[in-house]
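Note sheet for the following structure.
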Number of protein chains: 2
Amino acid sequence: MKPAARKKPANAEGRIRARNHARILDAAITIFTQKGYDGTTIAEIAAAAGLPKANVYYYFKTKKAIYTTLVANLIDQWDAALDNLRSDRDPAEALAGYIRAKLEFSRLHAAQSQMFASEVVHGGRFLTRANLRHMHAITLEKVKVFRAWARAGKMDPVDPIHLFILLWGSTQYYADFEVMAVNELGRRRVRPADFDKAAETITAIVLKGCGVRTKPR
Amino acid sequence: MKPAARKKPANAEGRIRARNHARILDAAITIFTQKGYDGTTIAEIAAAAGLPKANVYYYFKTKKAIYTTLVANLIDQWDAALDNLRSDRDPAEALAGYIRAKLEFSRLHAAQSQMFASEVVHGGRFLTRANLRHMHAITLEKVKVFRAWARAGKMDPVDPIHLFILLWGSTQYYADFEVMAVNELGRRRVRPADFDKAAETITAIVLKGCGVRTKPR
DNA sequence: CCAGAACCTGACCAAAGCGTCAACTTTTTC
DNA sequence: GAAAAAGTTGACGCTTTGGTCAGGTTCTGG
């Protein structure tokens, strides 16, 4: 083999590799979301990416490798909205910001939310223990925030995990169960105004429901 | 053909037919839930039902026929919990009852809830327009109940559809996203006590959050 | 008891899909 | 400009799966 110095460093991908890698993942997430892992074919992903099927295997070893790369990306994004929740913030603003951020994610990344939902509904067979531990650890950090607010008298001492489940279930619904959301909203698609109304409604119910106050009592 | 009187009436199925029909559906819902429509094989359903594969085709014309029969059954069950919501009831009791009923369904029929969730997450390709119209019509009936309570000053005039989405999203989460629920609860499975705590927490937040009062002001 | 109906089933077929491969083309580097 | 590396791709092999079929068995009613 020729001198190793000639080989590109692993993180210095060429522009062709980076472009095709991204194209495949973009195409894949749309189709995995619509059809699920087993209902999606490599030929469909290739066609949507504008590449011959065999070429997909040049960039990803297997179909499962494509899917698990997407799942790993989704875990990274799951964390981001939780940054709103810091104990040094006013709980009304922090919770309102979190709800808004979660709904923005549902609105702008419906496919990612749906794909993650699909994965979890089917038992999370591609979620690793490390994925689950990570998400649990992050959540426990934020549980502390809720507890700190409760100790400071800024909100009622509601069970933080069940509160998170209520927050996640309600905000993700608009993306994950879009078919039901549009049906019940009487629309063809969820509009930005619907997301605004959702943010307003969920925020009002949660703040009032958790006894959130902007001043300590 | 022999005299029609000899043929059994369509609704007087023999015990063999009824038994095998039920066995196939019971087996199917478990596997469709775990693996999704495309990930499930007729051979797996047959094995779980204790029948040879070709025999399954004696009872159901196609794989899709099995699946859509299950979906139709799920629609029927979706309605039942909503019976709690009647305008002549006290809203605190009615909403608490509805939340409790939904959580009971999640606890006792997790597979059905997950299968329906999977169907919707993937765009509801096996949900018919009639299915969707039916669910929408039922919901609109209950929207009237919320509006009647608001007019009577028994609760705040929150947006009924967004409230339903919050109720559905939070109560179904324990079944649909069981993997996440157990992970965040720090458990191996969701226990009856967790459902009790969920009922208590969701009910408290929703009643307080919606300004539900047991006496008109 | 027998004929008809209902039920069962092993073997089979056609189609689909994951992944491979050898040969080719393009790009990159020296 | 040439060699090496990277990228491309049509054809193919193997396996799997939905569904069929012909022939068989069991059940039911007269």
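Throughout, a chain's letter reflects where its sequence line sits, starting with A, and its residues are numbered from 1.
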Atom pair distance, as rounded to whole Å: [atom1] in [X] and [atom2] in [N]:
| X | N | atom1 | atom2 | result |
| --- | --- | --- | --- | --- |
| Asn55(A) | dA22(C) | CG | C1' | 15 Å |
| Lys53(A) | dT9(D) | NZ | P | 14 Å |
| Arg17(B) | dC27(D) | CZ | C1' | 14 Å |
| Arg15(A) | dT27(C) | CZ | C1' | 9 Å |

Verify side chain to side chain contact (heavy atoms under 4.5 Å, CB included) between Val56(B) and Lys63(B), making sure each step is shown before the conclusion. CA-CA 9 Å; Val56(B) 173; Lys63(B) 181 182 182 184; over 6 Å; no

Gap between atom CD1 of Ile202(B) and atom OH of Tyr98(B) - 0.5 Å precision: 11.5 Å

What is the distance from atom OG1 of Thr69(B) to atom CG of Leu74(B), rounded to the nearest 0.5 Å? 11.0 Å

For the pair Asp194(A) and Arg187(A), evaluate salt bridge (charged side-chain N to carboxylate O under 4.0 Å, His left out) and give the outcome as yes or no after the intermediate values. CA-CA 10 Å; Asp194(A) 295 315; Arg187(A) 313 235 191 275; 2.9 Å; yes

Is the centre of the Phe60(B) ring less than 6.0 Å from the centre of the His21(B) ring? yes

N/O (side chain, Asn20(B)) to phosphate O (OP1/OP2, dC8(C)) under 4.0 Å: yes

Do any of residues 22-51 of chain A sit with a heavy atom less than 4.0 Å from DNA chain C, and if so which? Thr40(A), Thr41(A), Ile42(A)

Under 3.5 Å donor-acceptor pairs involving side-chain atoms of residues 172-186 of chain B, not counting sequence neighbours:
| residue | atom | partner | partner atom | Å |
| --- | --- | --- | --- | --- |
| Gln172(B) | OE1 | Lys102(B) | NZ | 2.8 |
| Gln172(B) | NE2 | Asp176(B) | OD2 | 3.4 |
| Tyr174(B) | OH | His162(A) | ND1 | 2.7 |
| Asp176(B) | OD1 | Ser113(B) | OG | 2.6 |
| Glu178(B) | OE1 | Gln114(B) | NE2 | 3.3 |
| Asn183(B) | ND2 | Leu132(A) | O | 2.9 |
| Glu184(B) | OE1 | His136(A) | ND1 | 3.2 |
| Glu184(B) | OE1 | Thr139(A) | OG1 | 3.2 |
| Glu184(B) | OE2 | Thr139(A) | OG1 | 3.2 |

Arg100(B) and side chain to side chain donor-acceptor pair (under 3.5 Å): which single residue from Thr171(B), Asp196(B), Asn84(B) fits? Asp196(B)

Taking 4.0 angstrom as the limit, do Asp38(B) and Lys64(B) come out as a salt bridge? no

Residues within residues 57-67 of chain A bordering DNA chain D, heavy-atom distance below 4.0 Å: Tyr58(A), Tyr59(A)

